[in-house]
K.L.:
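Sharing a structure with you now.
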Number of protein chains: 2
Amino acid sequence: MSTILDVCKLANVSKATVSRVINGTGQVKESTREKVFSAMQSLGYRPNRLAQALATNKTHTIGLVVSDFDGIHFGLLLKQAAASAEFSKKQLIVTDGHNDPDYEYEVIMQLEAQCDAVVLYSRTLTDDHIQRLHQQLTIPIVVINRDLPEQLFHSVSFQQEDAIKLMMSHLLDNGHRQIACITGHMMNPTGIARLNGYKHSLAQLGVNFDEKLVKHGVYDMKSGYQACKEFIQEGIQFTAVIAFNDCMALGALRALTEAGIQVPEQVSIIGIDNDPVSEFFTPRLTTVKLPIADMTKQAVELAITLCDETKATHSYQYKGQLIERESVMPVRSVLSS
Amino acid sequence: MSTILDVCKLANVSKATVSRVINGTGQVKESTREKVFSAMQSLGYRPNRLAQALATNKTHTIGLVVSDFDGIHFGLLLKQAAASAEFSKKQLIVTDGHNDPDYEYEVIMQLEAQCDAVVLYSRTLTDDHIQRLHQQLTIPIVVINRDLPEQLFHSVSFQQEDAIKLMMSHLLDNGHRQIACITGHMMNPTGIARLNGYKHSLAQLGVNFDEKLVKHGVYDMKSGYQACKEFIQEGIQFTAVIAFNDCMALGALRALTEAGIQVPEQVSIIGIDNDPVSEFFTPRLTTVKLPIADMTKQAVELAITLCDETKATHSYQYKGQLIERESVMPVRSVLSS
DNA sequence: TATAAAAAAGTAACCGGTTACATTGAAAAT
DNA sequence: ATTTTCAATGTAACCGGTTACTTTTTTATA
């Protein structure tokens with residue numbers, strides 16, 4: 001690997017001059033520029049980014065931190081982040097926090113010297129962790145999908161509770177009253193907000209909240225399958241299932257199908273996310289779209305902006321959008337009674 | 001962000017001494033060590049990785065390059081790579097090549113100063129590109145899932161042709177002779193090897209190869225769906241579908257279901273990958289497992305080893321493994337005839 | 001107690017770049 | 001012809017660490 005000194009020797013100029021032609025800064029005579037260019041060419045020279053970063057205190061890199069590479073939105077999120085970063089000629093460093101808040105905190109602090117800004121999509125960190133990060137970090141941080149109590153952070157969030165209410169309305173409008181609920185993790189604000197959505201929707205119609213109709217999943221198909229299977233085995237009555245993401249809804253669908261229960265004729269199912277696979281199951285899953293790609297784009301672009309200019313705190317809020325497909329229909333008992 | 005100099009001042013020692021306590025190298029008096037530690041503590045000091053990397057020419061980072069973040073194996077691959085890297089306390093830089101070979105080549109060359117080794121999972125680069133990379137790079141490179149003509153590279157590959165033969169045998173053993181084939185991209189070795197597997201299996205039983213039974217997909221559900229729909233609309237006769245990955249197989253399943261064709265009673269389907277979602281469709285998809293996680297683990301661990309010691313070229317080969325589920329059954333006409 | 005050996009700490013060069021400032025040389029202005 | 005101006009380039013300090021080598025201090029040995 002050749003360095004700037006190799007170029008200097010070959011082109012017979014000083015480091016400063018080479019640096020000038022690399023960066024297109026300052027005045028350089030055309031003939032010199034060419035001399036340097038051809039020297040770089042023949043050496044296959046590429047400036048060392050680490051050295052550049054150290055010297056300029058600019059890394060042209062943005063860090064993306066997720067709690068876990070397993071996360072359901074991870075694919076779309078990463079793809080969009082990569083696209084937005086590349087568009088602005090920024091490099092992307094992606095790290096996960098192994099679902100361990102303290103580890104995740106350390107990871108982010110470590111990133112400080114390696115990035116100009118960080119985008120955080122954390123399921124694991126507590127509000128307190130995020131608070132501390134915000135105070136300690138000298139680089140801007142944009143938080144996705146977390147409703148922080150104060151408007152102190154740059155954030156791109158999603159109206160969790162309203163989204164669940166949207167799903168519930170759709171079910172309730174179709175006459176469903178016994179609605180089994182498969183939640184996600186209950187340690188973080190998202191799960192709590194969503195469960196509130198479920199409870200409040202029920203309350204609004206005067207339907208009693210029934211503990212037995214709620215089971216906790218972990219956002220993957222297996223846990224959705226498992227939860228639904230348990231509902232069935234326990235002989236619990238329900239006419240619809242609401243799951244806190246599409247994967248679990250799809251797992252539930254599988255459990256119902258296995259048990260010989262017709263969807264949506266006997267039981268309706270609704271999910272949230274609008275996962276690309278949802279369209280390919282039979283029946284096609286009705287869901288609420290969580291615009292993770294748009295949110296990511298917004299977040300990354302904001303982060304990139306913040307690399308160069310300090311801005312007042314921005315926060316963007318996104319809303320869910322119902323996508324009606326085939327897995328919900330009016331409840332039978334209502335029709336037949 | 002405090003630097004080593006801040007620590008020096010606070011602890012009243014030189015840079016060298018601080019460096020020694022950071023790295024645990026050389027001799028440091030216990031009392032001094034404590035002084036320095038507490039200085040670091042109270043400053044919240046973290047060594048600048050960029051500076052360390054520049055000084056030591058060791059980044060403790062391995063680069064993972066994929067052609068496209070969309071890629072079907074990407075999720076599992078990344079998760080496993082992250083796990084293996086973290087286990088060895090290495091950082092991971094992940095980049096994609098936007099499906100553009102020249103861009104991808106540049107990306108990898110750029111990584112040279114930022115990583116100690118790179119793991120490449122490329123669908124896009126030509127053998128020639130890889131050859132050149134190998135010559136130019138001063139850091140080791142491990143190639144996943146590519147059968148390079150020569151054994152010049154460190155590689156972890158998969159027996160593509162044999163895997164397809166395994167799928168075909170399963171179908172042929174079940175009496176299928178009219179087997180529709182949904183391929184992937186045909187520009188790269190994987191696609192070509194797999195199509196050869198299809199052709200050779202047919203030839204071995206003296207079944208004529210029929211162009212009309214082959215359509216090209218792009219490894220996503222939509223293209224599998226589309227291809228299968230076309231087979232149906234064109235009135236082509238087939239008793240089984242083989243797809244070059246599970247996603248496309250699942251797309252095909254959807255197309256058949258929509259058309260009112262029973263799977264597997266009327267048409268059997270087989271995929272390859274053992275995608276986690278395959279188990280949740282109805283019928284559960286029969287497939288050949290492509291052990292991408294194992295392969296990735298192998299590749300990353302090899303890369304990590306190569307950071308510290310030069311080793312002779314290693315290459316590992318993995319084989320497919322049939323996972324029988326519910327989407328294949330003996331062909332009807334055979335039974336009834 | 002003097003001296004050799006070992007331990008502890010410091011000095012300064014280096015990694016590969018950038019950049020403020022200084023210097024040179026040639027064209028423009030007087 | 002002399003001075004001014006400015007384009008072109010060089011010099012050297014700096015970014016934040018590491019490390020070979022040197023110096024100082026401590027401990028062991030005679």
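Throughout, a chain's letter reflects where its sequence line sits, starting with A, and its residues are numbered from 1.
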K.L.:
Evaluate whether atom CD of B:Glu309 has more than 12 neighbouring non-hydrogen atoms of other residues, nucleotides or ligands under 6.0 angstrom away.
P.N.:
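Yes, CD of B:Glu309 has more than 12 neighbouring heavy atoms, counting only those of other groups under 6.0 Å.
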K.L.:
Please classify the nucleic acid contact of A:Thr3 as base, sugar-phosphate, or nothing, using heavy-atom distances under 4.0 Å.
P.N.:
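Sugar-phosphate only.
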K.L.:
Please report the distance, rounded to the nearest Å, between CG in A:Leu43 and P in C:dG17.
P.N.:
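Distance check: A:Leu43 CG to C:dG17 P gives 11 Å.
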K.L.:
Does either side chain, that of B:Asn145 or that of B:Gln160, offer a donor lying less than 3.5 Å from an acceptor on the other one?
P.N.:
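Indeed, the side chains of B:Asn145 and B:Gln160 share at least one donor-acceptor pair under 3.5 Å.
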K.L.:
Parallel, tilted or perpendicular for A:His134 and A:Phe153, by the 30°/60° rule?
P.N.:
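Perpendicular, since the angle between the ring planes exceeds 60°.
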K.L.:
Could you run through nucleotides 4-14 of chain C and give me one letter per nucleotide, 5' to 3': B if any protein heavy atom sits under 4.0 Å from the base, S if only the sugar-phosphate is that close, - if neither?
P.N.:
----SBBB---
K.L.:
Using whole Å, what does the distance between atom C1' of nucleotide C:dG17 and atom CG of A:Leu54 come to?
P.N.:
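One finds 8 Å between C1' of C:dG17 and CG of A:Leu54, rounded.
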K.L.:
Anything under 30° is parallel, anything over 60° is perpendicular, the rest tilted; go ahead and classify B:His185 against B:Tyr219.
P.N.:
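The rings of B:His185 and B:Tyr219 sit tilted, inter-plane angle from 30° to 60°.
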K.L.:
Just compare C:dG16, D:dG17, C:dT18 and give me whichever is closest to any side-chain atom of B:Ala51.
P.N.:
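When the side chain of B:Ala51 is considered, D:dG17 is the closest of C:dG16, D:dG17, C:dT18.
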K.L.:
Figure out the CD/C1' separation between B:Gln52 and D:dT19, and round it to whole Å.
P.N.:
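Going from B:Gln52 (CD) to D:dT19 (C1'), I get 13 Å.
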K.L.:
If we ignore angles and hydrogens, is there a donor and acceptor under 3.5 Å between the side chains of B:Ser84 and B:Gln80?
P.N.:
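B:Ser84 vs B:Gln80: donor-acceptor pair found between side chains.
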K.L.:
What integer distance in Å separates A:Asn23:CG from C:dG17:C1'?
P.N.:
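Taking CG of A:Asn23 and C1' of C:dG17, I get 9 Å after rounding.
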K.L.:
Quick one: B:Ile22 CD1 to D:dG17 P, roughly how many Å, whole number?
P.N.:
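Taking CD1 of B:Ile22 and P of D:dG17, I get 7 Å after rounding.
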K.L.:
With sugar-phosphate meaning primed atoms plus P, OP1 and OP2, does A:Asn48 contact a base, only sugar-phosphate, or nothing at under 4.0 Å between heavy atoms?
P.N.:
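Sugar-phosphate: the residue A:Asn48, judged by heavy atoms under 4.0 Å, touches backbone atoms but no base.
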K.L.:
Would you say the side-chain atoms of A:Ser67 pair up with the backbone N or O of A:Thr124, donor to acceptor, closer than 3.5 Å?
P.N.:
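Looks like yes, one N/O pair under 3.5 Å.
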